[in-house]
Student: 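Take a look at this one; I'll ask things after.
Naming: A, B, ... by sequence-line order, numbering from 1 per chain.
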Amino acid sequence: MPELPEVEFCRRALSRWTQGRTITQVEIADPRVVRDSRTARPSAGSALAAECLRHVARHPIGLDRVGKRILWRFEAGSLLLHLGMTGRWTRGPSAFPKVRLHLDSGDVLTFHDPRLLGGIVPFEDGRAAHAAFTADLGPDALLASLPRLTGKRAVKLVLMDQTVVAGLGNVQAMEALWRAGIHPLRQADSIDAVEHVRLSDAVKRQLLGTLTMLGEGDEVVYVEERGAPNPFPLYQRAGERCPQCAPAGRTSLIQHFRQGGRGTWWCPGCQGEPPRVAADTG
DNA sequence: ACAGATGTTGATGT
DNA sequence: TACATCAACATCTG
């Protein structure tokens, strides 16, 4: 599940692969991933957008990232990239492509997205591209300081709200709360100043830790890929001993519940008992 | 066989 | 305004 670290990894990879290169051919194998605007429904591609993509994707200038979005700037316009849930960019021969970019070096860059929740949105107007790029996004979770968290919603859901802070998904939010020792069901506005500093620090360490784990290679290993080991200490580890509080002499077991339709794992030793007013809105 | 879980964005509903 | 829920997807698990 691409969250901020995977997206940043992808941005760096695309930048490295296309440094000083020209795209000589754009091959659109599945036009559903080429969309008219950021607000278009996923998998609602258009012929017009495909034509625009072919026009824009020639001479790359640079890649920016905010949260989980990438803005790829070209001489003739920009591409807004989103990985959705299963989107990924790779280099080299590949099966089941959605889009292939052929480089003047002979390399081929491929966009894969079996579930079609990601996509490519081409813009000829750089200004419009930048507006769509940053629209409805809070400050970047890695580069900016964590904004004050307000409202009655559960703190994990607020961390995952891209308009509050951009880049955190289910796993990164959950692991950061665990590092900070804050229960995921705590109401956002119950987080005091000391806890906020702790959480802000935990978010940064969590994101940098995952980014480091992804390494320097070209291949991103996603958690849900078959055969890939689960690199996270909490995620999908219900019943296992918590590695964080064991050194403190405790032997807590990792717990699991459903929150907002998604799985949440947590440690009672590190994060305490659920708050008393733990509504099911949690 | 079939229901449900998976996770992100954005539209729609309260 | 603030918050909740569902649709769009494909693949795997119980």
Student: Between atom NZ in A:Lys98 and atom C1' in C:dA8, what is the gap in whole Å?
Tutor: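 Rounded to the whole Å, the gap is 14 Å.
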
Student: Choosing from B:dG10, B:dT9, C:dA10, which nucleotide comes nearest the side chain of A:Arg115?
Tutor: C:dA10

Student: Please report the distance, rounded to the nearest Å, between CG in A:Asp161 and C1' in C:dA4.
Tutor: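 Interatomic distance, CG of A:Asp161 to C1' of C:dA4: 12 Å.
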
Student: Calculate the interatomic distance between A:Gln187 atom CD and C:dA2 atom C1'; express it in whole Å.
Tutor: 14 Å

Student: C:dA2 P sits how many Å from A:Lys152 NZ, rounded?
Tutor: 13 Å

Student: Classify the angle between the aromatic ring planes of A:Phe74 and A:Trp72 as parallel (below 30°), tilted (30 to 60°) or perpendicular (above 60°).
Tutor: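 It falls in the tilted class, 30° to 60°.
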
Student: How many Å lie between CG on A:Leu116 and C1' on C:dT11, as a whole number?
Tutor: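 Computing the A:Leu116:CG to C:dT11:C1' distance gives 13 Å.
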
Student: Write down the distance between CZ (A:Arg153) and C1' (C:dA4), rounded to a whole number of angstrom.
Tutor: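 Value for this atom pair: 10 Å.
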
Student: B:dT6 C1' sits how many Å from A:Glu3 CD, rounded?
Tutor: 13 Å

Student: Taking only the side-chain heavy atoms of A:Arg69 (C-beta and beyond), determine which of B:dG10, B:dT9, B:dA5 contains the nearest atom.
Tutor: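 Of all the options, the side chain of A:Arg69 is nearest to B:dG10.
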
Student: Distance only, no hydrogens: is a donor on one side chain within 3.5 Å (strictly under) of an acceptor on the other, for A:His112 and A:Thr90?
Tutor: yes

Student: Nearest heavy-atom pair of A:Thr210 and A:Gln172: which atoms, and what distance?
Tutor: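 Where A:Thr210 meets A:Gln172 most closely, the heavy atoms are OG1-NE2, 3.2 Å.
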
Student: Just how far, in rounded Å, is C1' of C:dC3 from CG of A:Leu149?
Tutor: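 Taking atom C1' of C:dC3 as the reference, CG of A:Leu149 is at 16 Å.
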
Student: List the atom of A:Ile254, the atom of A:Arg241, and the distance in Å for their closest heavy-atom pair.
Tutor: CD1-O, 4.3 Å

